[in-house]
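The structure under discussion appears below in the form of structure tokens.
In what follows, chains carry the letters A, B, and so on, assigned in the order in which the sequence lines appear, proteins first and then strands, with residues in each chain numbered from 1. Computed over heavy atoms, backbone and side chain alike; hydrogens, waters and symmetry mates excluded.
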Amino acid sequence: MALEHDYPLRKLRKNLENLLLNVQTDFFPNSSVPPSLEISPNRAFCDLFSTISFQIAKMKSKNKKEYKRQAMMIADLFVKELSAKKIPLIEKIENKNGYINFFIDYTKFSGDVIKSIISLNEKYGHFDLGRNKNVIIEHTSPNPIHPIHIGTARNSVLGDALSRLFRFVGYNVKTRMYVDDMGRQVAYLAYGISKLPLEPYGKKDHWIGMVYSCVATISEILKYETELMDIKKRLLEFLNQLDESLLNEKEIPNTKLIKTLKKISRNLKRYPTINWIEKVEIIFNILKDLLAKNQINRISTALKEKLIGFFDFLKEANKKINNARSWFKVHAELRERWPLIFNHLRKKIADLRTLENEVSSLMIKYENGDPEVKKLFRKICNDALEGFLETLNRVSITFDGFDWESDLVWDGKVKVIINRLKNAGWIIYDEETGVPILDIRRALQEVPEVREIFDLSLEKISQIIKANDLDSLPPNLVLMRKDGTTLYTTRDIAYAIEKISRFKADLVLNVIGADQTLPQKQLRSALVLAGFPDYAKKIIHVAYELVQLPSAKISARRGRFIAFDEILDEAEEKAYEFVATLPNKAEEEKLKIAKAVAVGAVRYALLSSAPTRPMIFDWDRVLNLESNSGPFLQYSYARAVSILRKAEFKLPQDADFSTLIEDIEKEIILRLSLFPDAIESAVRQMRPDIIVEYANKLAIAFNSFYQRFPVLRAKTTELRNARLLLVEAFRITLRNALSLLGIPILERM
RNA sequence: GGGCCCGUAGCUCAGCAUGGAUAGAGCGACGGCCUUCUAAGCCGUAGGUCGCGGGUUCAAAUCCCGCCGGGCCCGCCA
């Protein structure tokens with residue numbers, strides 16, 4: 001088991017920190033600041049430095065001038081005191097502008113680093129952070145209504161990298177996928193599939209995605225058709241009223257509006273089939289202009305009120321019309337893409353009310369475990385799941401298990417949690433419908449743990465309540481629909497408890513989009529209120545920002561997404577094109593390389609930026625095979641292996657590492673020694689991108705070395721041996737980093 | 001309206017938690033390097049008001065306040 005003292009840099013740092021502290025307590029006993037020691041941003045300055053001199057000077061000086069002098073003096077003192085001792089692994093110490101700069105003695109340090117890496121091998125970078133601790137990592141959990149797309153893929157790759165990281169530092173990790181089979185959307189899908197006489201074709205999850213998009217779009221279209229009819233009816237009513245008002249008006253202002261209104265009103269009455277939709281916008285704009293310029297002051301209050309009422313109506317109508325237009329566009333798109341499915345469904349689904357009723361009825365039946373419906377839903381979700389696993393298998397993502405939402409409902413676990421909340425007195429009931437609602441707003445006033453979850457102080461809350469500005473408080477959580485079926489977040493509360501109790505989890509990572517921050521907070525609040533405050537603390541929402549398409553938002557309902565399979569296909573194709581140009585490779589190997597490179601490229605692209613950063617999908621980025629990419633790392637690894645292979649993998653037992661005097665060699669060694677730091681940082685912050693960054697910098701340094709200095713033909717045998725071991729240490733470290741990221745490792749490229 | 005995330009080179013991103021030296025990579029542009037361990041590479045050049053404005057500090061990309069821009073959330077959706 002690798003502990004801290006196995007890592008030379010950490011050992012050195014600890015030692016230096018102690019020595020700094022000794023000097024500090026000897027000479028500045030009243031200074032309470034901890035000694036700082038950092039890695040230099042630039043090896044031109046030094047390797048490590050401390051700014052303790054500034055901290056102490058701050059306390060001792062009154063003005064700027066004195067401060068500078070103090071800092072210099074203190075730094076001098078530190079340098080003098082420390083230089084007097086013989087510090088292992090330190091070549092020299094100097095004061096530069098008040099910084100205490102340390103220079104590593106690479107003649108010794110290099111050997112320590114390289115040898116420790118080679119002896120630890122696949123354990124290099126390992127920590128004993130998570131011994132005997134269980135972590136549940138829930139990730140991917142896709143809605144079973146569409147294939148895994150680029151958005152879900154960020155989740156999968158992130159969750160998978162986190163599980164590799166946590167395993168690496170000693171946690172007992174179980175990955176779970178939550179199968180969200182109880183959503184209303186699944187019911188829409190089920191309804192669509194039950195109406196389709198067609199045999200599924202293609203990959204099952206892709207087929208499901210097509211059907212769902214069609215059903216969802218048809219349902220939207222039906223909704224908007226009725227809404228538009230309603231708008232038209234109300235438009236005519238308004239115009240009629242206006243006609244009368246205008247007739248009665250003494251001082252009719254001779255405006256464009258009145259004329260236009262009259263004309264439109266006349267036309268609509270005369271020709272009911274005229275394209276009235278466009279008129280709405282015209283009238284709206286004229287009216288907006290008038291109201292803005294306050295040109296209606298002279299007319300009667302009654303008419304003015306009518307006009308304002310009309311304006312509000314038009315504003316709403318306009319919004320709806322724009323939405324409707326966008327759905328009509330989607331409608332046309334889908335009809336063109338999948339005419340067979342779409343037209344079938346369009347014929348079968350003619351009435352919105354029937355659709356809604358049927359869908360609701362399916363949901364109730366499924367929730368109650370109706371055998372027929374159960375069979376249908378489970379079949380669909382299993383098909384989807386099968387497709388997901390096939391896709392994820394391409395990028396080597398697997399799960400330790402699957403949890404079906406419906407099981408939580410059928411087992412009564414959801415009911416249990418609702419009852420607990422009720423018995424604890426935290427449920428209120430909607431006056432009209434009687435649906436149960438979790439009273440988070442009262443909890444905010446009474447329960448400190450809930451305030452903490454929402455990062456709100458009691459003062460702030462009282463202030464909001466006093467101002468009667470309740471809308472700016474976090475909202476209460478509706479737990480059930482009025483038809484008695486459960487809601488997603490409610491079921492998720494039961495699942496959270498399940499994860500902790502069934503798996504004895506010490507920590508639960510929920511890898512879920514940042515758009516679900518509020519429900520995740522509500523969930524944790526519910527745990528507190530149900531009497532599980534310790535559970536709430538164990539649950540961490542690993543939030544990542546969603547992936548956006550360059551053109552529009554990802555929307556499964558609109559069939560607008562880029563399937564992960566498609567991305568992998570493209571990446572493979574591009575990689576193959578490249579590999580095809582390489583000499584001396586069998587077809588089989590070419591294919592193998594293309595696949596691995598594609599996975600490397602895609603995983604790298606999805607992991608390379610911090611999860612909190614919004615990502616806009618970019619083909620060039622995902623298909624990047626050059627620098628700053630997965631393939632670049634894979635290539636660097638293959639190059640290192642290539643050297644070792646030429647040496648027939650015969651490595652010397654030891655070497656004279658003081659022969660490694662080149663700057664780039666020292667840089668590589670320092671970088672290698674920083675790997676444990678990168679791991680620790682990545683785990684603590686739950687950010688695999690830190691490993692990506694690390695690996696990239698390391699590989700850049702290695703490639704620079706590779707290009708400039710021969711290993712096998714080094715000038716002396718001693719140098720050759722030292723470099724061979726350096727290459728081996730690099731290979732091990734990069735391999736460990738790549739396996740944490742799930743980027744495939746290739747011996748040859 | 002309230003809340004969360006993001007804003008750093010033409011583009012994609014590190015650096016911000018814990019303030020520290022000359023703000024780093026890659027892509028793209030330009031100029032070089034394959035008879036030498038794999039050129040998916042390397043070397044060099046150009047490119048920055050760290051969104052804006054205040055404040056704290058010896059020191060601010062980093063901390064605080066206020067704006068601006070982009071995204072998301074505030075559903076009996078998930």
By nearest atom, which of the nucleotides [options] is closest to the [X] side chain?
X: A/Ile643; options: B/C42, B/C37, B/A40; answer: B/C37
X: A/Tyr706; options: B/A40, B/C76, B/C37; answer: B/C37
X: A/Gln548; options: B/C73, B/G71, B/A40; answer: B/G71
X: A/Thr433; options: B/C73, B/C76, B/A40; answer: B/C76
X: A/Ser472; options: B/G2, B/A21, B/C77; answer: B/G2

Does [X] have any side chain to side chain donor-acceptor pair (under 3.5 Å) partners at least two apart in sequence or in another chain, and if so, which?
X: A/Arg451; answer: none
X: A/Arg723; answer: A/Glu665
X: A/Ser629; answer: none

>> Taking side chain to side chain donor-acceptor pair (under 3.5 Å) as the cut-off, I'd like each qualifying pair that reaches into residues 94-103 of chain A, sequence neighbours left out, listed once.
In response: A/Asp76-A/Asn95
>> For A/Tyr694 and A/Phe675, I'd like to know if the aromatic rings sit close, meaning centre-to-centre distance below 6.0 Å.
In response: yes
Taking atom [atom1] in both [N] and [M], what distance in whole Å separates the two?
N: B/G24; M: B/G71; atom1: P; answer: 32 Å
N: B/A9; M: B/A61; atom1: P; answer: 15 Å
N: B/G10; M: B/C72; atom1: C1'; answer: 28 Å

> Partners of A/Glu747 by side-chain contact (heavy atoms from CB on, under 4.5 Å), sequence neighbours excluded?
Replying inline: A/Tyr637, A/Val641, A/Arg645, A/Ile745
> Excluding sequence neighbours, so at least two apart, what forms side-chain contact (heavy atoms from CB on, under 4.5 Å) with A/Lys697?
Replying inline: A/Arg671, A/Glu693
> For the residue pair A/Phe702 and A/Phe705, does the interplanar ring angle fall in the parallel (under 30°), tilted (30 to 60°) or perpendicular (over 60°) class?
Replying inline: tilted
> Angle class for the A/His146/A/Phe561 ring planes (parallel below 30°, perpendicular above 60°, tilted otherwise)?
Replying inline: tilted
Taking 4.0 Å as the cut-off, does a side-chain nitrogen or oxygen of [X] come that near to OP1 or OP2 on [N]?
X: A/Ser704; N: B/C43; answer: yes
X: A/Arg481; N: B/C77; answer: yes
X: A/Arg708; N: B/C33; answer: no

>> How long is the straight-line distance from CD1 of A/Ile643 back to CD of A/Glu728, given to the nearest 0.5 Å?
In response: 11.5 Å
May I ask you to say what [X] touches in the nucleic acid, namely base, sugar-phosphate or nothing, with a heavy-atom cut-off under 4.0 Å?
X: A/Asp181; answer: nothing
X: A/Leu712; answer: base
X: A/Leu518; answer: sugar-phosphate
X: A/Pro519; answer: base
X: A/Asp515; answer: sugar-phosphate
X: A/Ile145; answer: nothing
X: A/Lys646; answer: sugar-phosphate
X: A/Arg720; answer: nothing
X: A/Phe45; answer: base
X: A/Pro475; answer: sugar-phosphate
X: A/Ile700; answer: sugar-phosphate
X: A/Val727; answer: nothing
X: A/Phe617; answer: nothing

>> In this structure, which stretches of RNA chain B are paired as stems of three or more consecutive Watson-Crick or G-U pairs, both distances less than 3.5 Å?
In response: B:1-7 with B:68-74, B:10-13 with B:24-27, B:29-33 with B:41-45, B:51-55 with B:63-67
>> With a 3.5 Å cut-off and heavy atoms only, can you find an N or O donor on one side and an acceptor on the other between the side chain of A/Asn624 and the base of B/A40?
In response: no
>> I'd like to check the ring-ring contact (aromatic ring centres under 6.0 Å, His included) partners of A/Phe45; sequence neighbours left out, ordered by chain and number.
In response: none
>> For a quick check, with a 4.0 angstrom heavy-atom cut-off, what is the B/S/- contact string for nucleotides 4-20 of chain B, read 5' to 3'?
In response: -SSSB---SSSS-BB-B
